Each structure stands twice: as C-alpha cells, then as structure tokens.
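Written below as structure tokens is the structure these notes are about.
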Protein chains: 2
Amino acid sequence: MKSRIETDGYGRKKVIDACMEPCAIERGMRIIGGKWTGSLIYHLKDGPVRFNDLNRMLGGATKKMIDQRLKELEARGMVLRTVINDRPIAVTYELTELGRSALDILEDLRLWSEKYDIR
Amino acid sequence: MKSRIETDGYGRKKVIDACMEPCAIERGMRIIGGKWTGSLIYHLKDGPVRFNDLNRMLGGATKKMIDQRLKELEARGMVLRTVINDRPIAVTYELTELGRSALDILEDLRLWSEKYDIR
DNA sequence: CCTTTAGGTATAAATAGTATACCTGTAATA
DNA sequence: TATTACAGGTATACTATTTATACCTAAAGG
C-alpha cells in the first residue's frame with residue numbers, strides 16, 4: 001500500500017507502485033464490510049446469540065442473509081456455531097478469538113458513525 | 001445499539017432492544033464499506049490525486065465504479081473534486097475534513113487485515 | 001385443532017458490480 | 001501528416017448479490 005504518483009516535467013503523473021488487485025483495506029472490507037457482516041459480529045460481542053435473535057436484532061436483514069453471512073464467518077473461523085439442543089432445535093452463534101479481534105474496528109466505526117451522524 | 005436478549009424460565013429468549021433498521025455500524029459500513037470506497041479514501045490520504053491515477057492505483061476497479069464512488073463521496077462531503085485545468089482536462093480529488101476523519105478506521109482495518117492475513 | 005416458535009430453505013424479482021467499448025479534446029510520436 | 005496515447009469520463013450488456021415472500025419440519029401452548 002505504498003503506491004504513489006510522480007510528476008514529470010510536463011506535469012504528467014504516473015503511478016509508481018499501484019496496488020495490484022485487492023489491497024489490505026479492500027480485503028478487510030470484503031470480510032467485515034459485507035452487507036450486515038459488521039452488525040452481525042458486533043451483536044455477538046457479549047456472548048452467544050441464537051439465530052432468530054440475531055434475525056430480530058438486525059432489523060432489515062433477511063434470514064437468508066443472516067444465514068449466509070454466518071456461514072461465511074464460520075468458514076473463516078470468526079464465528080462458532082453450536083447446536084445446544086436437538087429435538088426442539090436450538091443453535092447459538094458466538095465469536096471466536098479471530099472474530100473478537102475485529103471488534104475494536106467496529107466499535108470505532110460505530111463511534112465515527114454516531115459522531116458525524118452518518119445516515 | 002444496546003440491544004440484548006433476556007431468557008425466561010423456560011430457556012426462551014426475547015430481544016429487548018432490537019436495533020431498528022440500519023444501526024450505526026451498518027450505516028457506517030454502507031459509506032466506507034461499499035465496494036472500493038475504503039480503498040479510494042485511503043489512497044487519497046496523502047493529498048489530491050487525479051482520476052486516472054486512482055484508476056491505476058485500484059487495480060481491479062473499473063472507471064465506472066471509481067466514478068460512481070467518488071460521486072457518492074463528493075455528495076456526502078467527504079471528497080472534493082476540483083477541475084485544475086480545462087482544455088487538456090485535468091481533475092483532482094482530495095479528502096475533506098470529514099473524509100479525513102475516516103482514515104483512522106481504515107488504517108486500523110489495514111493493520112488488522114495484514115496481521116491476520118485476511119484474504 | 002390452530003398458532004407460534006425454532007432454524008432454516010426455495011423462488012423470483014430488484015439492485016449492484018463488471019467487462020468492454022466508446023466519446024471529446026490535446027499532445028506527443030512515427 | 002497520420003497514428004497513437006492520455007485525460008476524464010459515459011454507454012451498453014451482462015453477471016452476481018441482495019431482497020421479498022413464502023414455505024418446510026418438529027415441538028409446545030392455548
């Protein structure tokens with residue numbers, strides 16, 4: 001991410017070290033910036049939450065989205081899915097250490113968003 | 001964002017303070033988390049950059065995307081577009097104070113992304 | 001019985017992003 | 001002089017992601 005531009009004598013510029021394909025910012029955003037992903041992680045910050053509770057917490061997201069996002073996060077090792085009860089099926093989702101490691105960024109984002117009244 | 005769940009005597013849970021529609025995290029993400037938006041802001045951190053240079057810096061994004069994102073950011077007052085030369089047309093984009101205010105979050109995201117080798 | 005809850009899945013429609021080509025005008029190159 | 005290259009975009013068509021809505025199985029409550 002050290003790309004910069006140089007200007008020649010004619011005022012023209014050239015990129016010296018363009019970041020090829022997704023750079024770190026972009027890669028990070030594709031994980032926690034996916035639609036609903038940040039909210040999902042943030043709502044798991046206080047411990048295990050059940051599927052339908054997450055669904056209710058994230059007003060606006062459909063079950064399909066929540067399901068998909070949780071599966072992505074699980075596949076990345078950021079979230080752990082546990083079946084706590086069969087028969088009356090019951091499942092909880094919770095953050096792993098890796099999942100927790102993203103919380104600081106999300107908290108800062110929340111503060112920023114509130115401070116500048118982002119809508 | 002103080003939603004929580006309570007458990008009744010039968011082990012059932014209910015959401016007490018669901019965040020209605022997009023909460024602060026989600027609203028923030030929709031600004032700086034849009035595809036390419038974070039990278040775009042980050043690449044403007046050292047001062048004005050011209051359109052085609054941004055295009056080259058963000059390998060992978062099309063001009064259309066860059067154009068669209070810059071227009072969104074401009075509309076939100078995070079980026080300033082300046083025509084520095086007519087005839088041989090030349091335009092630069094730079095961050096406003098509001099735009100700069102997002103840089104800390106992006107820098108943390110970059111560090112996180114690199115630390116945990118997010119791909 | 002009928003409805004509600006849990007944890008999802010199926011289908012279709014709407015929205016967002018990508019690839020590719022092209023436009024106007026200036027300037028350097030062959 | 002003809003050709004090509006660059007600036008800053010726009011147009012078109014296509015693909016992928018997200019949304020809305022309905023539905024499924026099983027258990028429990030009224």
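Predicted model only: the values in this text are computed from it and were never measured. Just the heavy atoms: all of them, side chains too, but no hydrogens, waters or symmetry mates, feed the values below. Every chain is numbered from 1 and lettered A, B, ... according to where its sequence line falls, protein lines coming before strand lines.
- A:Asn55 places its CG atom 13 Å from the P atom of D:dT19, with the value rounded to the nearest Å.
- Residues meeting the side chain to side chain donor-acceptor pair (under 3.5 Å) test with A:Thr62, sequence neighbours left out: none.
- One end of the helix from C:dC1-D:dG30 to C:dA30-D:dT1 points its axis 10° away from the other end's axis, with each axis taken from 5 pairs and the angle rounded to 10°.
- The phosphate of D:dA7 (OP1 or OP2) has a side-chain N or O of B:Arg56 nearer than 4.0 angstrom.
- Ionic pairing of B:Glu114 and B:Arg110 is present here: one or more N-O contacts between side-chain nitrogen and carboxylate oxygen are shorter than 4.0 angstrom.
- With sequence neighbours excluded, no residue forms a salt bridge (charged side-chain N to carboxylate O under 4.0 Å, His left out) with A:Arg87.
- Atom C1' of nucleotide C:dG7 and atom CZ of A:Arg81 are separated by 8 Å, given to the nearest angstrom.
- Residues satisfying the side chain to side chain donor-acceptor pair (under 3.5 Å) test with A:Asp86, not counting sequence neighbours, are none.
- Rounded to an integer number of Å, the gap from CG of B:Asn85 to P of D:dG9 is 13 Å.
- Separating the OH atom of B:Tyr93 from the C1' atom of D:dA7 is a distance of 12 Å, rounded to the nearest angstrom.
- In this structure, B:Glu26 atom CD and D:dT19 atom C1' are separated by 14 Å, rounded to whole Å.
- Partners of A:Glu74 according to the side chain to side chain donor-acceptor pair (under 3.5 Å) rule, which considers only residues two or more places apart in sequence or in another chain, do not exist here.
- OP1 or OP2 of C:dG7 sits under 4.0 Å from a side-chain N or O of A:Asn52.
- Annotation: salt bridge (charged side-chain N to carboxylate O under 4.0 Å, His left out) contacts of B:Lys71 (sequence neighbours excluded): B:Asp67.
- Checking the phosphate oxygens (OP1, OP2) of C:dG17, no side-chain nitrogen or oxygen of A:Arg30 falls inside 4.0 Å.
- Summary of the strand contacts: A:Arg87 and A:Ala61 both lie near DNA chain D, and taking for each the nucleotide with the nearest heavy atom, the more 5' one is attributed to A:Ala61.
- Comparing D:dG9, D:dA7, C:dT18 against the side chain of B:Arg50 picks out D:dA7 as the nearest.
- The nearest whole Å value for the distance from the CE atom in B:Met57 to the P atom in D:dA7 is 13 Å.
- A search for side-chain contact (heavy atoms from CB on, under 4.5 Å) contacts involving A:Lys63 returns A:Phe51, A:Asn52, A:Asn55, not counting sequence neighbours.
- D:dG9 atom C1' lies 11 Å from atom CG of B:Leu70, rounded to whole Å.
- Counting to the nearest Å, the P atom of C:dG25 and the CG atom of B:Asp86 are 11 Å from each other.
- Under the rule for a salt bridge (charged side-chain N to carboxylate O under 4.0 Å, His left out), A:Glu94 has no partner lying at least two apart in sequence or in another chain.
- Between B:Glu72 and B:Arg76, no side-chain nitrogen of the basic residue sits less than 4.0 Å from a carboxylate oxygen of the acidic one, so the salt-bridge criterion is not met.
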note = Scoring nucleotides 10-18 of chain D by protein non-hydrogen atoms under 4.0 Å (B base, S sugar-phosphate only, - none) yields S-BB----S

